[in-house]
Amino acid sequence: MSEKELRKSMAVFPIGTVMKLTDLTARQIRYYETKDLVYPERTEGNQRMYSLNDVDRFLEIKDWLQAGYSMVEIQEMYQEEQTEEVIHWENHDLSDHDVRRLFYDELLSESRLGQGNPFQR
DNA sequence: ATTCTAACA
DNA sequence: TGTTAGTA
């Protein structure tokens with residue numbers, strides 16, 4: 001991972017700052033966390049700390065919501081992302097060639113599903 | 001002053 | 001989702 005990406009994933013702002021940056025209420029910000037849309041870190045005092053990537057994600061969520069998607073649909077979009085990451089980690093010991101093949105198979109099964117994808121509304 | 005969890009006239 | 005109570 002590049003240094004830029006690392007910085008973007010550093011948890012540095014408290015919920016109050018995220019509220020100002022996203023125009024979301026603290027309630028919504030915490031609610032989306034229960035939907036596994038973000039995983040903020042916690043300080044010793046149990047206070048949530050968000051990263052630049054988290055802020056971006058909240059803004060994205062707002063866009064999907066305004067576009068008419070439901071919470072569950074949005075939840076599923078990111079759920080697939082997470083699944084890919086998990087596969088990536090679990091196969092950390094596999095060769096680059098094997099990983100590429102796994103992704104290729106993934107893409108194939110997706111195109112077979114064709115129209116049924118949540119991104120085409 | 002801020003944030004957190006839990007709960008609901 | 002809002003809001004409020006009692007904390008840390």
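Side chains included, hydrogens not; waters and symmetry mates left out as well; all remaining heavy atoms used. Convention: sequence-line order gives letters A, B, ...; per-chain numbering from 1. What you are looking at is a predicted structure, and each value in this text was computed from that prediction instead of being measured.
Protein chain A contacts DNA chain C over a range whose 5' and 3' limits, counting nucleotides with an atom under 4.0 angstrom from a non-hydrogen atom, are C/dT1 to C/dT3.
Ion pairing between a basic and an acidic side chain is recognised when a charged N comes within 4.0 Å of a carboxylate O; A/E33 and A/R42 show such pairing.
A/R30 has its CZ atom 8 Å from the P atom of B/dT3, to the nearest Å. Look at CG on A/N46: it is 13 Å from P on B/dT3, rounded to the nearest Å. To the nearest angstrom, P of B/dA1 lies 13 Å from NZ of A/K20. One interatomic measurement links the two molecules: CD1 of A/I29 to P of B/dT3, which rounds to 9 Å at whole-angstrom precision. In this structure, the CD1 atom of A/I15 is 9 Å from the C1' atom of B/dC4, given to the nearest Å.
In the hydrophobic clustering of ILVMFWY residues, with side-chain heavy atoms under 4.5 Å counting as a link, A/F58 and A/Y31 come out together.
Scanning all heavy atoms of the two residues, the minimum distance from A/I74 to A/I61 falls at CD1-O, 4.1 Å. Residues A/Y39 and A/D36 come closest through the heavy atom pair CE2-O, 3.8 Å.
Using a 4.0 Å heavy-atom criterion, one finds that A/G16 contacts the sugar-phosphate atoms exclusively.
For the pair A/Q28 (side chain) and A/T25 (backbone), a donor-acceptor distance under 3.5 Å is present. Between the side chain of A/T83 and the main chain of A/Q79, a donor-acceptor pair closer than 3.5 Å is present.
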Distance-only donor-acceptor pairs under 3.5 Å for side chains of residues 5-14 of chain A, two or more places apart:
unit_1	atom_1	unit_2	atom_2	d
A/E5	OE1	A/S2	N	3.0
A/E5	OE1	A/S2	OG	3.3
A/R7	NE	A/E3	OE2	3.3
A/R7	NH2	A/E3	OE2	2.5
A/S9	OG	A/E5	O	2.9
A/S9	OG	A/L6	O	3.0

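Secondary-structure stems of DNA chain B, taken as three or more successive Watson-Crick or G-U wobble pairs (i with j, i+1 with j-1) under a 3.5 Å distance threshold, comprise B:4-8 with C:2-6.
Between the CZ atom of A/R57 and the OG1 atom of A/T22 there is a distance of 14.0 Å, given to the nearest 0.5 Å.
Remark on DNA chain C: of its neighbouring residues A/M71 and A/G45, the 5'-side contact belongs to A/M71, judged by nearest-heavy-atom nucleotide. Of the residues near DNA chain B, A/Y50 and A/R27, the one whose nearest nucleotide (by heavy atom distance) lies more toward the 5' end is A/Y50.
Contact check for A/Y32 versus A/M71: side-chain heavy atoms found under the 4.5 Å cut-off.
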